[in-house]
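Below: the structure, in structure tokens.
This structure is a prediction, so every number in the text was calculated from the model and none was measured. In this chain, numbering begins with 1 at the start of the sequence shown. All values below come from the heavy atoms of this structure, side chains included, with hydrogens, waters and symmetry mates left out.
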Amino acid sequence: MNSHEHRTGDENGGGPRLQDQAERLGRKVTHSAQQVWLAGLGALARAQNEGSRLFDSLVKEGETAEARTREESSEGASLRDTVESTLSQARDRAAGTWDRVEKSIDDSVHRVLRRMDIPSRSDIEALNERLDALNRRLSRAESRSSHAPPKPEEH
């Protein structure tokens, strides 16, 4: 074996070279990053599609509202009330669309992060809580041992 070749495992060549492992890891990270990028592009495309459909829907509703307002103006309904009602409905629909797009992006990113074995915030918080508990136990144990009477020396 050359001095620059490092092997893991047994000396008979049973383990993969570290360079091969690093290359595989690099490819895996690159592939996962590409998936995150594609998920983001997909979410953007979906948002653009939803946005176009929403816009078209709002135009149709505007035309309907305008026609209804003309009819109702002789019945006493105010144009302002009709416009406010239509805008409120449009806002509600737009908010729902953006909520769905945002959830889709979040779900895609979380799936990719899970595939990459990257811990979630809750995983890290749980580990921090366990570390805090262990530190408290260690401090109590150290405190008890420092207050314990010394053991007599044996001769």
Side-chain angles (χ1 to χ4, degrees), residues 4-10 12-144:
H4 67 278
E5 289 183 302
H6 296 90
R7 293 193 177 269
T8 59
D10 63 25
N12 296 328
R17 288 188 356 208
L18 289 176
Q19 184 176 358
D20 292 342
Q21 289 176 336
E23 288 173 2
R24 279 195 299 275
L25 179 62
R27 284 191 299 270
K28 184 177 180 181
V29 168
T30 300
H31 178 71
S32 296
Q34 183 180 18
Q35 286 182 320
V36 170
W37 171 253
L38 292 174
L41 287 177
L44 178 61
R46 183 178 289 177
Q48 288 174 335
N49 278 343
E50 295 280 333
S52 297
R53 279 187 256 151
L54 176 63
F55 181 79
D56 293 341
S57 170
L58 292 174
V59 169
K60 287 178 185 175
E61 286 184 38
E63 291 169 346
T64 303
E66 183 179 37
R68 189 176 45 223
T69 300
R70 286 186 186 142
E71 292 171 6
E72 292 173 351
S73 65
S74 61
E75 299 169 10
S78 88
L79 176 61
R80 181 179 179 159
D81 292 341
T82 304
V83 168
E84 285 179 357
S85 172
T86 303
L87 283 176
S88 175
Q89 291 172 1
R91 265 190 235 112
D92 291 345
R93 286 184 182 168
T97 298
W98 285 114
D99 288 345
R100 287 192 307 275
V101 168
E102 187 176 77
K103 183 175 179 352
S104 175
I105 290 170
D106 285 347
D107 291 346
S108 296
V109 170
H110 286 296
R111 279 193 304 273
V112 169
L113 292 176
R114 267 184 264 139
R115 273 188 251 144
M116 292 174 63
D117 290 329
I118 294 175
S120 68
R121 177 178 292 193
S122 61
D123 293 335
I124 293 170
E125 287 171 353
L127 283 172
N128 282 334
E129 289 174 14
R130 289 177 63 191
L131 283 173
D132 290 343
L134 286 170
N135 282 330
R136 286 190 297 273
R137 288 177 63 191
L138 181 60
S139 293
R140 283 194 300 263
E142 287 174 343
S143 176
R144 280 193 300 258

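Side chain of D123 to backbone of S120: a donor-acceptor contact under 3.5 angstrom is found. T64 places a side-chain N or O within donor-acceptor distance of the main-chain N or O of K60, the cut-off being under 3.5 Å.
Expressed to the nearest 0.5 Å, how far CG of L87 lies from CZ of R91 amounts to 5.5 Å. A distance of 11.0 Å separates CG in N135 from CZ in R140, rounded to the nearest 0.5 Å. To the nearest 0.5 angstrom, I124 atom CD1 is 11.5 Å from L131 atom CG. If you take CD on E23 and OG1 on T30, they are separated by 11.5 Å, rounding to the nearest 0.5 Å.
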Contacts table for residues 107-116: side-chain donor-acceptor under 3.5 angstrom, sequence neighbours left out:
from : atom 1 : to   : atom 2 : distance (Å)
D107 : OD2    : K103 : NZ     : 3.0
S108 : OG     : S104 : O      : 3.0
S108 : OG     : R111 : NH2    : 3.4
R115 : NH1    : Q35  : OE1    : 3.0

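The salt bridge (charged side-chain N to carboxylate O under 4.0 Å, His left out) check on K28 picks up nothing, with sequence neighbours excluded.
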